Trainee: 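Pasting a structure below so you can have a look.
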Amino acid sequence: MLQFLQNFCFGNYILSVAVLSWLAAQVLKTIINYLLSGKFDAERLWGAGGMPSAHSAFVCSTFLAVANSEGPRSPAFALSFILAAIVMYDAMGVRRETGEQAKLLNKFFFDMEENAFNGDFKKLKEKVGHTPIEVLSGALLGILIAMLIPAP
């Protein structure tokens, strides 16, 4: 699997580790969603939000893979660490708030007795952000995968 992934990712170790972490998080997210809801939702295989955060897994595995291959004192490591911090902060902040607002708007527009929009309102996506535990679990998953796959 790893060899296939490395070929798919242009033989790039860092990209291969990041993509594998994202894929693992998305599959876990789909399984966890199935166990909690009792139904399979294919959108969980690529969708944002949920447990664990695939974004966090992706960026944390990236910064650790960069550390493994370039060293923790490299400029690439510094940039990948900063990117990871921004992505995880955004997932718990702006994107999470967007999902909370979408829940309220959906409730408001779809629970009205008379829909003033005559069906023109499209239901907003509510799963776009993450709770701190979802971000932490994704970060730990990405770090674990990067630790398990040694740099060439």
Side-chain angles (χ1 to χ4, degrees), residues 1-107 110 121-152:
M1 169 78 171
L2 185 60
Q3 186 60 43
F4 168 77
L5 192 58
Q6 284 189 330
N7 290 338
F8 177 75
C9 295
F10 313 106
N12 187 307
Y13 163 74
I14 296 167
L15 187 57
S16 298
V17 169
V19 170
L20 181 61
S21 295
W22 175 84
L23 186 61
Q26 290 299 121
V27 169
L28 279 171
K29 182 185 302 188
T30 305
I31 292 169
I32 290 169
N33 188 69
Y34 175 76
L35 293 173
L36 293 175
S37 71
K39 60 182 180 175
F40 176 74
D41 182 3
E43 190 271 339
R44 297 285 76 213
L45 285 169
W46 60 82
M51 170 73 123
S53 166
H55 289 89
S56 297
F58 188 81
V59 295
C60 284
S61 65
T62 299
F63 87 74
L64 195 55
V66 169
N68 289 342
S69 67
E70 308 293 324
R73 293 182 177 206
S74 69
F77 175 77
L79 289 172
S80 61
F81 184 85
I82 291 167
L83 175 67
I86 291 168
V87 166
M88 291 186 294
Y89 179 80
D90 181 64
M92 290 185 296
V94 175
R95 286 183 36 237
R96 184 172 177 204
E97 286 299 318
T98 300
E100 294 299 315
Q101 291 173 5
K103 285 179 191 174
L104 291 172
L105 287 169
N106 286 338
K107 183 169 177 47
F110 287 99
F121 184 78
K122 180 180 150 192
K123 188 171 183 181
L124 300 172
K125 186 173 179 182
E126 297 175 3
K127 290 184 179 182
V128 291
H130 294 284
T131 63
I133 194 73
E134 292 169 344
V135 169
L136 177 62
S137 64
L140 293 174
L141 175 64
I143 289 169
L144 177 66
I145 289 173
M147 289 173 62
L148 292 174
I149 302 173

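The shown structure was predicted, so the numbers you read here are calculated from the model rather than taken from an experiment.
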Trainee: Are L20 and I149 close enough, and set up right, to give a side chain to side chain contact (heavy atoms under 4.5 Å, CB included), and what steps lead you there?
Mentor: CA-CA 10 Å; L20 181 61; I149 302 173; 3.3 Å; yes
Trainee: Please name the pair of heavy atoms, one in S80 and one in F77, separated by the smallest distance, quoted to 0.1 Å.
Mentor: OG-O, 2.9 Å
Trainee: To the nearest 0.5 angstrom, please state how far the CG atom of L140 sits from the CD1 atom of I145.
Mentor: 11.5 Å
Trainee: Find out whether I143 and S61 are in side-chain contact, i.e. whether some heavy atom of one side chain is under 4.5 Å from a heavy atom of the other.
Mentor: no
Trainee: Hey, could you give me the CZ/CG distance between F58 and L141, rounded to the nearest 0.5 Å?
Mentor: 13.0 Å
Trainee: Where is the tightest heavy-atom contact between G47 and Q26, given as atom of each residue plus distance?
Mentor: O-NE2, 3.4 Å
Trainee: Are E134 and T131 packed together at the side-chain level, in the sense that at least one heavy-atom pair is separated by less than 4.5 angstrom?
Mentor: yes
Trainee: Quick one: CH2 on W22 to NZ on K29, what's the gap to the nearest 0.5 Å?
Mentor: 8.5 Å
Trainee: Among all residues two or more places apart in sequence or in another chain, which pass the side chain to side chain donor-acceptor pair (under 3.5 Å) test with S56?
Mentor: S53
Trainee: List the atom of F40, the atom of L45, and the distance in Å for their closest heavy-atom pair.
Mentor: CZ-CD1, 4.3 Å
Trainee: Quick one: closest heavy-atom pair of M88 and A139, and the distance?
Mentor: SD-CB, 4.0 Å
Trainee: As an exercise, state the distance from NE2 of H55 to OG of S21, rounded to the nearest 0.5 Å.
Mentor: 13.5 Å
Trainee: Specify the closest pair of heavy atoms between A25 and A54, including all atoms of both residues, with the distance to one decimal.
Mentor: CB-CA, 3.6 Å
Trainee: My understanding is that only one of V135, N33, L36, I32 makes a side chain to side chain contact (heavy atoms under 4.5 Å, CB included) with M51; could you say which?
Mentor: I32
Trainee: Could you tell me which residues satisfy side chain to side chain contact (heavy atoms under 4.5 Å, CB included) with A151, sequence neighbours excluded, listed by chain and number?
Mentor: Y13, N68, S69
Trainee: With the side chain counted from C-beta on, respond yes when I14 and T62 share a heavy-atom pair under 4.5 Å apart, and no when they do not.
Mentor: yes
Trainee: State, to 0.1 Å, how close K39 and Y34 come at their nearest heavy-atom pair, and which atoms those are.
Mentor: C-CD1, 3.4 Å
